Amino acid sequence: MAFDWSYTIGLLWSADFWNAALTVVELSVLTWVLAVILGFFVALADRSNLRIVRKVAALYVWFFRSLPLLVLLIFVYNLPQAFPSTSGLLSIPFISGLIALVLSETAYIAEIHRGALLAVGKGQYEAGKVLGLASTGIQRKIVVPQSLRIALPSLANEFISIVKLTSLVSVISLAEILLVGQRYYTQNFLVIETMVAVAFYYVLIVTVFDTGLKALERHLDFSRRLASLTTEKAEPNGAIAIDTEGDAFTVVGPPAIRLERGRKSYGTHEVFSDLNLSVKQGEVISIIGPSGSGKTTLIRSLNGLEALDQGIVYLEEKPFLAGAEESRSIRPDSRDALRIGMVFQNFNLFPHKTALENVMMGPIYHKRGTRHNVRKEARQQLQQVGMLVHENKYPHQLSGGQQQRVAIARALAMHPSIMLFDEPTSALDPETVGEVLRIMAGLAKSGRTMIIVTHEMKFAIEVSDRIIFMEGGKVVFDGSPELLVEKRKQDERLADFVRI
Ligand code: ADP
Ligand code: MG
């Protein structure tokens, strides 16, 4: 018996098949959209601080991934036998099919979201935190947009699986493509001819959506995006203007920031204990010392990125942060956190935002003015660090030094009175170190309080009012750069470290 082509081709015009194809599209799109949303909440639940919430999320994923979809479909469709009140809804095959598909797909998609959320680094959360974003703000503005882009290729793939899985819903008599085909060939026995048409419809749906989703993926992929190239002038050659209101000065008054009896341990490893530090307003302090001596832990304790075990941080003598032992008696005011800006070793710029948008993030979030004004000021801030010509570029299109200059502008945009720098040039190529140090030297002259962890000894000696040498969690030197240069002549340990 020859293959009946005219019959197969005729099926491509069949209203039954086109209706069935529409049903498949509706069911797939609805399943996908609902599972993408619900799966996201399951993935968030998996990261909850509450153990019970994490357990429930894990249990859900475990159970619905273990259960074959076919079993679930038959179960949901026949549920009215046990609970007659559900029969109105569940006896509609489309509805029971949708419920079973969503239950099962949510579990798979939650795992995709979970992986994508993990891929958004810790530095992104910290960068949001130091700009004063609340945890919901960090999720909404920083984490979700990035994780969705990371997840999109896998989510698109999952959509295609869903389209094909809908064929299983034929077992509960939903008139989808496979069932329509079966009805045809049980009457005319043209199995192969009918199945070719069935295959055609599935391939058509998958191809159309695959193309659409790929286009969406390309549209959202900021790493491929080119900067809308503004008239790009050559970067001003090193001449970076920072308003310098006179020479270095310190204001008389309460210390800008003061740590009293700080103690911090990681597990059994004590980083420092009984550590005191007081920084005057307008003072520029460099903290130097060998790696592992606790410099990073110290400055991260000053703005709450690390929680102290004991001790109190005061801002202008007002209690700001307290260690676990004192926290009951002190209520920190979250607005105070905005008075401290921070620049990280790895910049931690938001990769899905342009240079300008990175700088605008904090002021927009805190409603520091109309969008127009915030933008205007952010552009001035970029101008100050010599990055205005690159305002529309994404972080991945900038060199390390340029990224760090944007990060400095981003911190300055919140007008902090104190700036913390944790080895701001350690991740940079040697040729771009200078451009960042120049900006920092300009800032140091402008009267801002600065605490800088650095290995750049020459820079530290030139710009600091005071240098602190830390070793093994202890302050072993605390004095003026001149004194340090003097002391190193007698102290072998200092001489080893302080090589200019
Ligand atoms: P530095 O910045 O001077 O190199 P750190 O403050 O980073 O030093 O680290 C001080 C000590 O604390 C080191 O011994 C380091 O291994 C340890 N440490 C730092 N962060 C953590 C952490 N999150 N968990 C456990 N140990 C840590
Ligand atoms: Mg460090």
Side-chain angles (χ1 to χ4, degrees), residues 47 49 118 120-130 138 257-277 279 284-311 313 321 323-324 340-349 400-401 403-404 407-408 411 418-430 433 436-437 440 450-461 463-464 466-479 484 488 491 493-494 496-499:
R47 298 160 69 90
N49 292 330
L118 281 175
V120 178
K122 181 167 161 253
Q124 293 292 307
Y125 291 84
E126 293 187 343
K129 201 170 165 207
V130 299
I138 294 178
I257 189 163
R258 185 165 72 84
L259 168 66
E260 190 181 271
R261 303 193 57 119
R263 178 163 65 78
K264 175 72 188 174
S265 304
Y266 293 109
T268 54
H269 175 60
E270 185 171 85
V271 183
F272 52 74
S273 67
D274 203 8
L275 191 69
N276 296 293
L277 174 72
V279 183
V284 176
I285 291 195
S286 290
I287 303 178
I288 61 172
S291 150
S293 54
K295 309 178 297 292
T296 295
T297 308
L298 170 62
I299 72 164
R300 286 166 59 89
S301 302
L302 297 179
N303 67 350
L305 284 184
E306 296 292 347
L308 286 167
D309 300 326
Q310 193 194 345
V313 178
L321 294 169
I340 308 179
M342 182 158 191
V343 174
F344 300 88
Q345 181 171 351
N346 296 317
F347 337 127
N348 293 343
L349 288 181
Q403 290 189 55
Q404 194 60 297
I408 292 173
I418 302 168
M419 284 280 279
L420 308 178
F421 295 84
D422 187 10
E423 300 204 29
T425 59
S426 296
L428 301 180
D429 298 329
V433 168
V436 172
L437 293 182
M440 291 173 58
M450 288 168 55
I451 305 176
I452 309 162
V453 173
T454 184
H455 286 294
E456 298 289 335
M457 213 51 70
K458 190 164 167 289
F459 166 81
I461 288 173
V463 308
S464 314
R466 224 168 98 203
I467 294 184
I468 288 175
F469 185 99
M470 265 182 97
E471 193 165 28
K474 300 250 177 308
V475 172
V476 293
F477 172 88
D478 180 351
L484 179 75
R488 102 194 144 102
D491 186 326
R493 186 75 195 111
L494 277 183
D496 263 359
F497 201 79
V498 186
R499 295 201 180 159

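All values derive from a computational prediction rather than experimental measurement. Remember, it's 1-based here, ligands and their atoms both numbered in the order they're listed.
A salt bridge links Glu260 with Arg258: the distance from a Lys NZ or Arg NE/NH1/NH2 to an Asp or Glu carboxylate oxygen falls below 4.0 Å. Using a 4.0 Å cut-off between a side-chain N of Lys or Arg and a carboxylate O of Asp or Glu, Asp478 and Arg466 qualify as a salt bridge.
Shown here for Gln404 and Pro424, the closest heavy-atom pair between the two residues is NE2-O, 2.9 Å. In plain terms, the two heavy atoms of Ala127 and Asn348 that are nearest each other are CB-O, 3.5 Å.
Between Val433 and Phe459 there is no side-chain heavy-atom pair separated by less than 4.5 Å. Between Glu423 and Lys295, the closest side-chain pair of non-hydrogen atoms falls below 4.5 Å.
Checking Thr296 against the Mg ion (ligand 2), an N/O/S atom falls under the 2.8 Å cut-off.
Near ligand 1, heavy-atom contacts under 4.0 Å come from Tyr266, His269, Val271, Pro290, Ser291, Gly292, Ser293, Gly294, Lys295, Thr296, Thr297.
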